[in-house]
Amino acid sequence: MTDPVQPVEVSVPSESGFGFTLKTRLASSLGRTGTIHTPHGDIRTPAFIAVGTKATVKAVLPETMAELGAQAVLANAYPLYLQPGSDIVDGAGGLGAFMNWSGPTFTDSGGFQVMSLGVGFKKVLAMNTAGLGNDEVIAEGKSRLAQVDDDGVTFTSHRDGSKHRFSPEISMRIQHELGADIIFAFDECTTLMNTRGYQERSLARTQAWAGRCLAAHDQLTSLRAHRPYQALFGVVQGAQYEDLRRKASQDLATLTINGRGFDGYGIGGALEKENLGAIVGWVCDELPESAPKHLLGISEPDDFFVAIENGADTFDCVSPSRVARNAALYTRDGRFNVNTAQQRRNFTPVDSDCDCYTCANYTRAYLHHLFKAKEMLASTLCTIHNERFIVRLVDDIRASIDAGTFAEFKQDFLGRYYA
RNA sequence: GGCAGGUUGCCCGAGCGGCCAAUGGGAGCGGACUGUAAAUUCGCCGGCAUCGCCUUCGCAGGUUCGAAUCCUGCACCUGCCA
């Protein structure tokens with residue numbers, strides 16, 4: 001049952017302070033462990049990156065995130081550009097300094113908002129359901145807050161209705177001001193509702209933007225040489241189509257501007273759960289092994305195993321935090337809602353196998369009470385638990401790869417979680 | 001003692017002859033949430049149940065083809081005047 005571990009040649013981080021070192025590799029799949037080196041510290045991979053969109057992991061102190069084992073946090077360019085403004089974050093000394101997080105940071109490009117405020121506006125981003133029909137009709141909704149064209153995106157601020165223009169160059173400029181260690185190319189995140197035709201056109205656009213991002217990034221890196229080095233990850237789109245995904249990966253892998261290529265890659269798009277492993281596999285198969293790969297927006301337990309086996313190194317997702325604020329908690333025996341009547345008199349911890357602060361000190365009955373009483377401590381305690389649960393799960397997967405017990409760990413964990 | 005107003009489903013509160021098992025909130029119950037417009041959101045919420053049937057709008061009578069809605073009496077509550 002053990003999966004033989006293969007030794008891996010070690011690459012040394014460059015003088016920029018950024019680099020990726022492989023440690024072990026599974027013999028039977030693309031799964032591997034390693035370390036991403038950044039100017040603000042290392043990230044041992046696979047790793048779950050906590051999301052703090054607006055420079056805060058909602059309801060939790062940064063110190064608490066560090067204590068529960070989060071290695072890095074990811075914020076988002078678009079919301080921070082709207083408020084407080086990337087110049088202010090820049091003035092504070094960058095994202096980490098601004099939010100009092102001393103470890104590595106990521107920022108997303110605003111590409112997700114092209115979808116969530118555009119075609120996906122007011123829709124649930126279903127990952128389990130088969131795609132509905134034609135997007136192009138759905139995509140023409142009038143009330144949406146984002147309009148895409150080949151040059152960029154026009155956003156309407158949800159806060160005051162003001163119009164804002166994002167382009168690859170603008171996203172790069174903002175992300176340089178935010179100053180995260182790892183930043184993403186500006187892309188269009190498509191949905192399951194899009195047609196093949198739309199996916200092709202959107203992908204062509206995203207690929208063109210990738211080149212523009214790289215060029216802008218190269219320039220900004222020179223201009224801001226006094227700042228810590230920022231690594232740029234290109235984002236692979238192409239939906240569920242193998243040919244599109246492979247071609248997109250190849251093109252990004254070979255793209256260089258002034259001798260500079262991408263430092264790593266993101267894998268994006270709304271993905272059907274059933275295709276997740278295949279898609280990640282196609283992409284990682286085409287991209288250089290030596291590059292770190294970040295799967296954007298994924299955090300269900302079964303998804304981690306599948307994605308890691310297929311070569312993904314890091315993940316970020318709002319789910320552990322959002323779901324916690326809505327009373328859903330992860331346990332080794334599956335997910336449950338702590339606000340149901342069933343938990344009213346349950347004086348046991350959320351998960352007796354959990355080592356988080358919440359499980360060490362509080363009962364389900366108390367958390368149930370906090371939700372019913374609408375006390376904000378509910379969000380804090382539940383977020384601590386969920387973030388710890390997910391961070392630890394990925395840490396455990398990493399340990400199992402190094403120990404050669406990945407297959408057993410996977411079987412044990414999933415067997416119990418989905419029993 | 002006089003005058004006026006009120007009593008609606010767990011709570012608050014609309015309705016003022018038929019389209020009313022009865023609008024809205026809240027509470028309660030359950031679900032969803034995957035690069036965060038999310039402390040959000042969606043169902044259910046008298047009973048039994050397949051359309052449908054049965055019992056509800058303080059209590060008791062009455063008018064009417066038909067009443068939560070109109071009339072009479074009773075009970076309780078609230079203002080103002082004594």
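Here the structure is a predicted model, which means the values were calculated and not measured. Reminder, nothing fancy here: chain letters follow the sequence lines and each chain counts from 1. Keep in mind that the numbers below use all heavy atoms, side chains included, and drop hydrogens, waters and symmetry copies.
Nearest to the side-chain atoms of A:N337 among the listed nucleotides B:rA37, B:rA39, B:rC33 stands B:rC33. The side chain of A:V235 lies closest to B:rG35, out of B:rU36, B:rA37, B:rG35.
In this structure, a donor-acceptor pair under 3.5 Å is absent between the side chains of A:T21 and A:T35. For the residue pair A:R245/A:S249, the side-chain donor-acceptor check at 3.5 Å is not satisfied.
Pairs passing the salt bridge (charged side-chain N to carboxylate O under 4.0 Å, His left out) check and including a residue from residues 38-58 of chain A, sequence neighbours excluded, read A:R44-A:D402.
Following rounding to the nearest Å, A:F336 (CZ) and B:rG30 (C1') show an atom-to-atom distance of 15 Å.
Annotation: cation-pi geometry satisfied between A:R196 and A:Y241 (NZ/CZ under 6.0 angstrom from ring centroid, within 45° of ring axis).
Within the nucleic acid shown, A:A328 comes within 4.0 Å of at least one base atom, counting heavy atoms only. Nucleic acid contact for A:L295: none, since no nucleic acid atom lies under 4.0 Å from a heavy atom of the residue. Across all strands shown, A:N76 has heavy atoms under 4.0 Å from sugar-phosphate atoms exclusively, and none from any base. Nucleic acid contact for A:E375: none, since no nucleic acid atom lies under 4.0 Å from a heavy atom of the residue.
Contact check, A:S379 against B:rA39: no side-chain N or O comes under 4.0 Å of OP1 or OP2. For B:rG35, the OP1/OP2 oxygens have no side-chain nitrogen or oxygen of A:Q113 closer than 4.0 Å. Here A:N326 does not reach the OP1 or OP2 of B:rA32: none of its side-chain N or O atoms lies under 4.0 Å away. For the pair A:R335 and B:rC33, the criterion of a side-chain N or O lying under 4.0 Å from OP1 or OP2 is met. The side chain of A:S116 places an N or O atom within less than 4.0 Å of a non-bridging phosphate oxygen (OP1 or OP2) of B:rA37.
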Any protein N or O atoms within reach of nucleotides 26-29 of chain B? Criterion: under 3.5 Å, listing atom names and distances.
unit_1, atom_1, unit_2, atom_2, d
B:rA27, OP1, A:K374, NZ, 3.2
B:rC29, OP2, A:K372, NZ, 2.7

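The CG atom of A:D355 sits 4.0 Å away from atom CZ of A:R392, with the distance rounded to the nearest 0.5 Å.
When each of A:D187, A:D149, A:D150 is tested with A:R205 by the rule salt bridge (charged side-chain N to carboxylate O under 4.0 Å, His left out), just one qualifies, namely A:D150.
Position along RNA chain B of the nearest nucleotide to A:G52 versus A:R325 favours A:G52 as the more 5'-ward residue.
With both ends at atom C1', the span from B:rC53 to B:rC3 equals 47 Å, rounded to whole Å.
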